[in-house]
Amino acid sequence: MSESSNKPLSPLSPGQWSFTRWKTIGQLEALEVHHPLFEATVFLQGAHLTQFVPKNEPNWLWLSPNARFEPGRPIRGGIPICWPWFGDPERNAPEVRKRVKTKGAHGFARTALWKLESVNESAHEVEIALSLEANRDFTNVWSGHALALLTFSFSVRGCQLALTTTNLGSEPLSFSQALHTYLPTTDITRSRVLGLGHSNYIDTLKNWEYCAQDGPVYFEGETDRIYENGEPMVVVAPESSRKLTSVGSDSTVVWNPGPDKAKTLSDFPDTAWQTMLCVETANAASDYLVLNEGQSHTLGVLIGRG
């Protein structure tokens, strides 16, 4: 998604960055990008993107007004990184489940402290790379050895995330994952997702029953589905339209908590379900991954104008 400029992206050390600054938000450290064409905020905890704001536009991501920025606490909204398992461990394939030593959902990456690898800037784009080595520090919750490298690319055209997992162990590594993208809407009842028509999906609210999608996805209360589809999608809301183009994915999760579950969620206003939805680029359910020693896989999404 890079655009041409007078000079290529160049790595700069702290103090030399033109557009990127360290910022403490709550109790967490973040990188704030203030580019003439856009703004963005990335937290080191969870490698968590909470805002992408092109010039003269609102935040393209939904962030809960009740979000809390505390060590060890997942941030509600933005794009949480679910890795190296997605959802309830017990609902994962046996090869994934056998490595998980906790009942906690969505893995540990979203609350782990990631390492800053680089900040590259140009007149048109900013790239930030963060890494997480899943090693002996995580043996109490997971069995494996892997490296996760997440690269964010921001430009006036949109934002792109690329999550590359490399198996550093000597045995095959099975895992599931998702880029859990929260998107805003002014009215969930007038919002829809295009591009999933004629796809099969698992409806987790109907005892994981297989169903077939016919036409756009509309929201009529709580929605929690895993689609067997990784094709480009367009999310249409009353005041915006976003296109999501995925790579390395054959599954997509569509989620909205609805009015009842919203009341049970942490850091989530009771009525917030009316103004958000999630479309998650994933490797979930039967779309889990297996990497041999030294192998890598990249899961990515480009969020642009619809």
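Note that the coordinates shown come from a computational prediction; the quantities given were computed from them, not determined experimentally. Computed from heavy atoms alone, side chains included, the values below leave out hydrogens, waters and symmetry copies.
Taken from NZ in Lys115 to CG in Leu132, the straight-line distance is 11.5 Å, to the nearest 0.5 Å. A distance of 6.0 Å separates CG of Leu147 from OG of Ser131, quoted to the nearest 0.5 Å. To the nearest 0.5 angstrom, Leu31 atom CG is 11.5 Å from Leu49 atom CG. Atom OG1 of Thr281 is separated from atom CG of Leu161 by 9.0 Å, given to the nearest 0.5 angstrom. How far CD1 of Ile202 is from CZ of Arg91: 9.0 Å, rounded to the nearest 0.5 Å. Of the inter-residue distances, the one linking Phe38 atom CZ with Phe19 atom CZ reads 8.0 Å to the nearest 0.5 angstrom.
Note on residues 198-226: pairs passing ring pair (Phe, Tyr, Trp, His ring centres under 6.0 Å), not counting sequence neighbours, are Tyr201-Tyr227. For the side-chain hydrogen bond (donor to acceptor under 3.5 Å, both in side chains) condition, the pairs that include at least one residue of residues 260-271, sequence neighbours left out, are Arg73-Asp267. The stretch residues 172-196 participates, sequence neighbours left out, in these salt bridge (charged side-chain N to carboxylate O under 4.0 Å, His left out) pairs: Asp187-Arg190. Residue pairs satisfying the side-chain hydrogen bond (donor to acceptor under 3.5 Å, both in side chains) criterion with at least one member in residues 60-71, sequence neighbours excluded, are listed as follows: Glu57-Trp60, Arg68-Glu70.
Side chain of Thr245 to main chain of Pro232: no donor-acceptor pair is present (N/O by atom type, distance under 3.5 Å, no hydrogens or angles). Using modelled atom types, no side-chain atom of Asn283 and backbone atom of Leu299 make a donor-acceptor pair closer than 3.5 Å. The backbone N or O of Ser251 lies less than 3.5 Å from a partner atom in the side chain of Asp287, making a donor-acceptor pair. Distance alone, capped at 3.5 Å, places no donor-acceptor pair between the His124 side chain and the Leu37 backbone. Checked by atom type and distance alone, the side chain of Gln160 never pairs as donor or acceptor with a backbone atom of Ile303 at under 3.5 Å. Asn207 places no side-chain N or O within 3.5 Å of a backbone atom of Glu209 that could act as its donor or acceptor partner. The closest donor-acceptor contact from the side chain of Asn59 to the backbone of Phe52 lies under 3.5 Å. A donor-acceptor pair under 3.5 Å is absent between the side-chain atoms of Ser246 and the main chain of Ser249, judged by distance alone.
With sequence neighbours left out, the side-chain contact (heavy atoms from CB on, under 4.5 Å) criterion links Ala129 to Glu117, Ser118, Leu149, Thr151. Annotation: side-chain contact (heavy atoms from CB on, under 4.5 Å) contacts of Leu205 (sequence neighbours excluded): Asp203, Glu222, Asp224. Qualifying ring pair (Phe, Tyr, Trp, His ring centres under 6.0 Å) partners for His145, counting only residues two or more places apart in sequence or in other chains: none. Val100 is linked by a side-chain contact (heavy atoms from CB on, under 4.5 Å) to Trp85, Pro89, Thr102, Trp142, counting only residues two or more places apart in sequence or in another chain. Partners of His106 by ring pair (Phe, Tyr, Trp, His ring centres under 6.0 Å), not counting sequence neighbours, listed by chain and number: Phe86, His180. Judged as a ring pair (Phe, Tyr, Trp, His ring centres under 6.0 Å), and not counting sequence neighbours, Trp114 has no contacts. Residues that satisfy the ring pair (Phe, Tyr, Trp, His ring centres under 6.0 Å) test with Phe138, not counting sequence neighbours, are Phe108. Every residue meeting the side-chain contact (heavy atoms from CB on, under 4.5 Å) condition with Glu90, not counting sequence neighbours, appears here in chain and number order: Asp88, Arg97.
In summary, the side chains of Thr223 and Asn256 do not present any donor paired with an acceptor at a separation below 3.5 Å, with no hydrogens or angles considered. A side-chain donor from one of Gln51 and Thr41 sits under 3.5 Å from a side-chain acceptor of the other. In this structure, a donor-acceptor pair under 3.5 Å is present between the side chains of Glu121 and Thr20. Side chain to side chain, Glu280 and Thr181 fail the donor-acceptor criterion of an N or O pair below 3.5 Å.
Among all heavy-atom pairs drawn from Ala93 and Tyr288, the shortest one is CB-CE2, 3.4 Å. Minimum interatomic distance between Ala47 and Ile81 (heavy atoms only, all atoms of both residues): O-CG1, 3.8 Å. The two residues Pro259 and Trp273 make their nearest non-hydrogen contact at CA-NE1, 3.4 Å. When all heavy atoms of Ser174 and Val290 are compared, the pair lying nearest together is OG-CG2, 3.4 Å. The two residues Met276 and Cys278 come nearest to each other via the heavy atoms CE-SG, 4.0 Å. Scanning both residues, Pro36 and Lys55, for their nearest heavy atoms gives O-CD, 3.4 Å.
Two residues are said to be in side-chain contact when any heavy atoms from C-beta on lie closer than 4.5 Å; Thr275 and Ile188 fail this criterion. Contact check for Val33 versus Ile128: side-chain heavy atoms found under the 4.5 Å cut-off. Residues Leu183 and Thr185 have side chains not in contact (no heavy-atom distance under 4.5 Å, counting atoms from C-beta outward). Within the 4.5 Å cutoff, no side-chain heavy atoms of Leu61 are placed close to those of Pro184. In this structure the side chain of Arg76 reaches within 4.5 angstrom of the side chain of Tyr182, judged on heavy atoms. Between Pro71 and Leu28 there is a side-chain heavy-atom pair separated by less than 4.5 Å. Side-chain contact between Thr165 and Gln177: present, with at least one pair of heavy atoms (C-beta onward) separated by less than 4.5 Å. In this structure, Met233 and Leu196 have side chains that are in contact, with non-hydrogen atoms separated by less than 4.5 Å.
Hydrophobic clustering of Ile, Leu, Val, Met, Phe, Trp and Tyr side chains at less than 4.5 Å, counting indirect connections, keeps Val235 apart from Leu63. A continuous path of hydrophobic side-chain contacts links Leu130 to Val126 [ILVMFWY only; heavy atoms under 4.5 Å]. Side-chain heavy atoms closer than 4.5 Å link hydrophobic residues (I, L, V, M, F, W, Y) into clusters, and following such links, possibly through other members, connects Leu44 to Leu163. Leu179 and Val247 are members of different hydrophobic clusters when ILVMFWY side chains are connected at heavy-atom separations under 4.5 Å.
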Item to complete: Run the numbers on Glu32 and His34 for side chain to side chain donor-acceptor pair (under 3.5 Å), then give the verdict.
Response: CA-CA 6 Å; Glu32 283 196 339; His34 296 279; 3.1 Å; yes
Discussion item. The test is side chain to side chain donor-acceptor pair (under 3.5 Å); show your working for Glu29 and Thr24 and say whether it passes.
Written reply: CA-CA 5 Å; Glu29 293 299 307; Thr24 301; 2.5 Å; yes
Practice prompt. Before giving the answer on side chain to side chain donor-acceptor pair (under 3.5 Å), spell out for Thr252 and Asn229 the whole-Å C-alpha distance, their side-chain angles and the decisive distance to 0.1 Å.
Written response: CA-CA 6 Å; Thr252 299; Asn229 189 324; 5.4 Å; no
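Around the CG atom of Asn140, the shell of radius 6.0 Å holds more than 12 heavy atoms that belong to other residues, nucleotides or ligands.
Residue Val234 forms a side chain to side chain contact (heavy atoms under 4.5 Å, CB included) with just one option from Arg242, Lys243, Arg305, and that option is Lys243.
Here Phe69 and Phe43 bring their ring centres to under 6.0 angstrom of each other.
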